[in-house]
Amino acid sequence: MSGLLASLDPRRVQWGAAWYAMHSRILRTKPVESMLEGTGATTAHGTKLAQVLTTVDLISLGVGSCVGTGMYVVSGLVAKEMAGPGVIVSFIIAAVASILSGVCYAEFGVRVPKTTGSAYTYSYVTVGEFVAFFIGWNLILEYLIGTAAGASALSSMFDSLANHTISRWMVNSVGTLNGLGKGEESYPDLLALVIAVVVTVIVALGVKNSVGFNNVLNVLNLAVWVFIMIAGLFFINGKYWAEGQFLPHGWSGVLQGAATCFYAFIGFDIIATTGEEAKNPNTSIPYAITASLVICLTAYVSVSMILTLMVPYYAIDTESPLMEMFVAHGFYAAKFVVAIGSVAGLTVSLLGSLFPMPRVIYAMAGDGLLFRFLAHVSSYTETPVVACIVSGFLAALLSLLVSLRDLIEMMSIGTLLAYTLVSVCVLLLRYQPESDIDGFVKFLSEEHTKKKEGILADCEKEACSPVSEGEEFSGPATNTCGAKNLPSLGDNEMLIGKSDKSTYNVNHPNYGTVDMTTGIEADESENIYLIKLKKLIGPRYYTMRVRLGLPGKMDRPTAATGHTVTICVLLLFILMFIFCSFIIFGSDYISEQSWWAILLVVLMVLLISALVFVILQQPENPKKLPYMAPCLPFVPAFAMLVNIYLMLKLSTITWIRFAVWCFVGKQLPLEP
């Protein structure tokens, strides 16, 4: 004991140096310029990933990862047990909440386009290494369990179509084992293992094969959806919505159903893992995220309408609602058509879980946060083949040994945590001074320049080549090759007024916000929200801004304002966590209208509103991107609130398993 105390003697231990080393390791961020090196012929991992994905491919991946379970399972479950025909409203509310997180993902997809790793990479370049590892490690958990659950669900579907002959053969030939989760007896699901291995092989064979397989299944799923819409019209009955049956459990049932329906939209983050494989990630990623969410909402709402108009909500079969609704009307052939769509939908959902997992592992291994050999990219398939094999093997083993019920409970916590952190990162980054995010602008500008090819690019280079990177163009204003807007200053170029570059260049703090010749503040007509607000308020608009202390367009963020936003966001996260905890676990006191509970809720709402207002008073960074999340800070703040609430709704055993998984990750040796 005395030896231990002696080793901790302040005279023998350099506490300052140790604290600084730990602090630097936890909070150090990844410079975006370092990722620019990976855009050439090879990367630090060896062969680069194949850039072959179009916007349509990304939309197909996003839709496929969401729509399977949502359309064939969730719609019937929520309609019968929670909302009745009001499930339609539940899906719309859930879609709005999902879009809040989706626009934050879309902005980061533009800020860091040529990367893989999704929320892991976004956190690494913004918050720091510790948070990035925490997010990446739990994304792996979510994808791993999602893959195993998808394989188990598909196995159960085949077993159901075969009248449970597969499960009976397994029990009689192989035997049973105690479930690893809740102790119930189950059989080792060999069919689920085979399904997981087959899908792993498809993913490992190349991104074009994976996406092609995904597109074929989505087309099949689309055909079944069209069949359901047309065939269902012959059996609908409006009386199932009449006489108060549309909201049988009131708005409380609708809101409870919305929380469940939100999980049907989880999966669009697969799009954010394809940055290195998309042909044009700057535009493809935001468009694909938005389009996939809209398509999923359309499918869910339309199917829910047909379902609740064909069958009374209390008679819906929760196991196979879309198949059984046709059986209830004697249309038995339709059951098998819908079964084909169910198999296709569950298969693309399985692919949607397995496809991004090796890419997150690849990104983390390349940064030294996982074993380096996992970052190997095959020169033949141009995929992270080692990460594919390892992740597929683990998912197959999990689906073999663990029952489906235990798997489902762990599916969403990693994704919800990632959604929360991405919203936090958007809030932090938009209010930081220029010096802190200058790397993003340089990265986008260099990427734009590198993509110029052919005669036009050569002509531009010869006619008006800058003296050095980052210097203002000082050559003649002539354009000898007929190209417009020379020289290009990058994707963030926002010229207003005349194209005189003698006063401001792209690195000037007022660039893009003032007239280049007069220096007068630019018109705000480009912002549709400001136009509507001005029309609503009238001439008192500017007076109101001054009285509320809102920043003007000429105000720029400083280190002090950036620090203020960081503190406010941290406090906002903590306060939202406490608020959601009290709403969930203290709901009895609130429903009984206890004076102290009501007072506490009102106080926390006022504090949250005050913190959001303080953030609103800080100036935003004026740099423009091809896509930016609207209505800051309200959109990211509300997305944080929704995601934290849904995380706290998960069961206690889920949080315990989550903590164990995080502890295991902490023991991994990290490479510097």
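The residues of the chain are indexed from 1 along the displayed sequence.
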| field | Beyond-backbone contact of L646 with V642, side-chain heavy atoms, under 4.5 angstrom | value | yes
| request: State which residues pass side-chain contact (heavy atoms from CB on, under 4.5 Å) with T558; sequence neighbours excluded, sorted by chain then number. | output: A560, T561
| Whether N214 side chain and L351 backbone form a donor-acceptor pair below 3.5 Å | no
| For C261 against V74, the heavy-atom pair lying closest together | CA-CG1, 4.3 Å
| task | Enter the distance from L369:CG to L374:CG here, rounded to the nearest 0.5 Å. | result | 12.0 Å
| query | M640 and T420: which non-hydrogen atoms are nearest, and at how many Å? | reply | CG-O, 4.1 Å
| query | Given side chains that start at C-beta, do those of V89 and W251 come closer than 4.5 Å, heavy atoms only? | reply | yes
| Side-chain contact, heavy-atom cut-off 4.5 Å: L144 with L394? | yes
| request: For residues T566 and Q432, determine if any side-chain heavy atom of one lies less than 4.5 Å from a side-chain heavy atom of the other. | output: yes
| message | Tell me if a side-chain donor or acceptor on R359 pairs with a main-chain N or O of I270 at a distance below 3.5 Å. | response | no
| query | Pick one: which of T274, T55, L53 meets side-chain contact (heavy atoms from CB on, under 4.5 Å) with S284? | reply | T55
| task | Would you give the length of the straight line joining atom OG1 of T290 to atom CD1 of I99, rounded to the nearest 0.5 angstrom? | result | 7.5 Å
| message | Between S90 (side chain only) and V254 (backbone N and O only), is there a donor and an acceptor less than 3.5 Å apart? | response | yes
| Do the side-chain N and O atoms of S101 and N643 include a donor-acceptor pair separated by under 3.5 angstrom? | yes
| Which value, rounded to the nearest 0.5 Å, describes the distance between T147 atom OG1 and F355 atom CZ? | 12.5 Å
| request: Any chance you could measure Q256, atom CD, to K649, atom NZ, to the nearest 0.5 Å? | output: 6.5 Å
| message | Can a donor-acceptor pair be found, under 3.5 Å and without considering hydrogens, that links the side chain of N621 to the backbone of K623? | response | yes
| request: Go through I140 and L370 one step at a time and tell me if the side chain to side chain contact (heavy atoms under 4.5 Å, CB included) criterion holds. | output: CA-CA 12 Å; I140 293 172; L370 290 177; 3.9 Å; yes
| query | Where is the tightest heavy-atom contact between E107 and L625, given as atom of each residue plus distance? | reply | CG-CD1, 4.5 Å
| remark: Rounded to the nearest 0.5 Å, the CG atom of L139 sits from the OG atom of S123 at a distance of 8.5 Å
| query | How far apart are the C-alpha atoms of F133 and D367, what are their side-chain angles, what is the distance that settles it, and do they pass the side chain to side chain contact (heavy atoms under 4.5 Å, CB included) test? | reply | CA-CA 10 Å; F133 175 80; D367 294 332; over 6 Å; no
| message | Just to verify, which of Y120, Y419, Y627, Y122 counts as forming a ring pair (Phe, Tyr, Trp, His ring centres under 6.0 Å) with F108? | response | Y122
| Side chains of S591 and D588: donor-acceptor distance under 3.5 Å anywhere? | no
| Under a 4.5 Å cut-off applied to non-hydrogen side-chain atoms, are F265 and L297 in contact? | yes
| query | Under the side chain to side chain contact (heavy atoms under 4.5 Å, CB included) criterion, do S391 and L354 qualify, and how do the steps go? | reply | CA-CA 8 Å; S391 57; L354 184 56; 4.3 Å; yes
| said: How close do Y362 and P384 get, counting heavy atoms only, and between which atoms? | reply: CB-CB, 3.8 Å
| Passing candidate, side-chain contact (heavy atoms from CB on, under 4.5 Å) with P633, options L427, L611, V614, V426 | L427
| Within the side chain of W596, is there an N or O that forms a donor-acceptor pair under 3.5 Å with the backbone of Y589? | no
| message | Once rounded to the nearest 0.5 Å, what's the spacing between atom OG of S302 and atom CD1 of I88? | response | 9.5 Å
| message | Donor-acceptor check, side chain of Q618 to backbone of V565, threshold 3.5 angstrom: yes or no? | response | no
| Can you find a heavy atom in the side chain of T564 that is under 4.5 Å from one in the side chain of Y431? | no
| query | Of the non-hydrogen atoms in L648 and F585, which two are nearest, and what is the gap between them? | reply | O-CZ, 4.0 Å
| message | Please check: side-chain N/O of D555 versus main-chain N/O of P551, any donor-acceptor pairing under 3.5 Å? | response | no
| Any side-chain heavy atom of C66 within less than 4.5 Å of one from I266? | no
| Taking the side chain as C-beta and beyond, is there a heavy-atom pair between S594 and I590 under 4.5 Å? | no
| said: I need the single residue from Y72, F91, F262 that forms a ring pair (Phe, Tyr, Trp, His ring centres under 6.0 Å) with Y300. Which is it? | reply: F91
| request: Please report the shortest heavy-atom distance between L641 and M576, naming the atom on each side. | output: N-SD, 3.8 Å
| field | Under 3.5 Å side-chain donor-acceptor pair for Y287 and N280 | value | no
| message | Is there a side chain to side chain contact (heavy atoms under 4.5 Å, CB included) between V110 and I285? Walk through the geometry before answering. | response | CA-CA 7 Å; V110 171; I285 290 178; over 6 Å; no
